[in-house]
Amino acid sequence: IVRLDRNGVLKERVRALLRRKFFEEERFRISQQLLAKESEVQKARQEAAVAMKLRALNKVLAAQNRQLKVLNATKSEFISTVSHELRTPISIIKGAVSNLEENILGPLTDGQAKMIEITRRSADRLHQLIQDLLDLSRLEAGTVKLVRGAQQMHCLIQDTLASFREKAAESGVNIGMHIPDQVPDI
């Protein structure tokens with residue numbers, strides 16, 4: 001039987017307590033590392049799930065973009081076709097109205113002249129709408145480039161008023177304008 005003195009027993013207890021403390025600290029450190037690794041794994045799983053969803057959404061978006069391109073091309077083709085198909089009858093109508101206004105087929109009564117004038121204005125408006133559609137179609141196709149530059153304000157106002165004057169006159173409204181001499185260009 002080995003007999004330890006009192007100091008020896010105390011030393012052994014202190015060593016045991018120190019070993020125990022060391023192992024507890026080591027266990028705590030390892031468990032913290034494990035928790036950190038589990039957190040990293042969880043974050044990586046979430047990022048992978050988001051990446052998968054993103055890939056799926058990108059595929060859907062790409063398919064929708066392809067559909068939009070097809071629809072846009074169809075729309076442009078439709079506008080171009082309709083515009084060209086309408087130009088010919090409008091040109092014929094405008095020619096016939098011009099012949100009537102010039103009394104080529106004989107003189108017109110006041111009522112007939114008024115109706116011919118209304119028809120001419122409507123045909124001109126429709127012709128301008130068709131031209132605008134064709135211009136839009138050309139712009140979308142990239143065959144026409146816009147050139148930016150200074151515009152005279154009074155010309156823009158006159159053109160705008162001219163487009164509204166006919167409609168206003170039909171409603172019995174007279175539109176006029178007064179533009180100062182020193183209106184700057186825009």
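These values consider heavy atoms only, across backbone and side chains, with no hydrogens, waters or symmetry-generated copies.
- Contact annotation: the side chain of L34 approaches that of E38 to within less than 4.5 Å [non-hydrogen atoms, C-beta and beyond].
- Remark: S83 OG to D135 CG distance equals 9.5 Å, nearest 0.5 Å.
- Between E12 and R15 there is a salt bridge, since at least one side-chain N of the basic residue sits less than 4.0 Å from a carboxylate O of the acidic one.
- Closest heavy-atom contact between I79 and L133: CG2-O, 3.7 Å.
- Considering CG of L61 and CZ of R66, their distance stands at 10.0 Å, rounded to 0.5 Å.
- Hydrophobic cluster membership is shared by L105 and V97, with clusters built from Ile, Leu, Val, Met, Phe, Trp and Tyr side chains linked at under 4.5 angstrom.
- Looking at E24 and F28, their side chains never come closer than 4.5 Å, going by heavy atoms from C-beta outward.
- Atom-to-atom distance recorded for H127:NE2 and D132:CG is 10.5 Å, nearest 0.5 angstrom.
- Using a 4.5 Å heavy-atom threshold, the side chains of E40 and K37 count as touching.
- I93 is connected to L108 through a chain of hydrophobic side-chain contacts under 4.5 Å among Ile, Leu, Val, Met, Phe, Trp and Tyr, so both are in one cluster.
- Scanning both residues, G176 and L161, for their nearest heavy atoms gives O-CD1, 4.1 Å.
- D124 and Q128 are not linked by any side-chain donor-acceptor pair at a separation below 3.5 angstrom, with hydrogens and angles left out of the test.
- Residues V82 and L134 are members of one and the same hydrophobic cluster, defined by side-chain heavy-atom contacts under 4.5 angstrom among Ile, Leu, Val, Met, Phe, Trp and Tyr.
- Residues R29 and E26 are paired through a salt bridge, judged by an N-O separation under 4.0 Å between the basic side chain and the carboxylate.
- The hydrophobic clustering, which links ILVMFWY residues whose side-chain heavy atoms are closer than 4.5 Å, places L139 and I130 apart.
- Using a 4.0 Å cut-off between a side-chain N of Lys or Arg and a carboxylate O of Asp or Glu, D110 and K114 do not qualify as a salt bridge.
- How far CG of L136 is from OG of S76: 7.5 Å, rounded to the nearest 0.5 Å.
- Listed for the S39 side chain is no donor-acceptor partner under 3.5 Å among the backbone atoms of L35.
- Looking at heavy atoms from C-beta onward, R55 lies out of side-chain contact with N58 at the 4.5 angstrom threshold.
- Checked by atom type and distance alone, the side chain of S98 never pairs as donor or acceptor with a backbone atom of K94 at under 3.5 Å.
- Counting heavy atoms of neighbouring residues, nucleotides and ligands inside a 6.0 Å radius, atom CD of Q46 exceeds 12 of them.
- No more than 12 heavy atoms of other residues, nucleotides or ligands sit less than 6.0 Å from atom CD of E77.
- At a threshold of 4.5 Å between side-chain heavy atoms, the hydrophobic network of Ile, Leu, Val, Met, Phe, Trp and Tyr places I92 and L100 in two separate groups.
- The OG1 atom of T119 sits 12.0 Å away from the CG atom of L126 when rounded to the nearest 0.5 Å.
- Proximity of a side-chain donor or acceptor of T74 to a complementary backbone N or O of V70 within less than 3.5 Å is detected.
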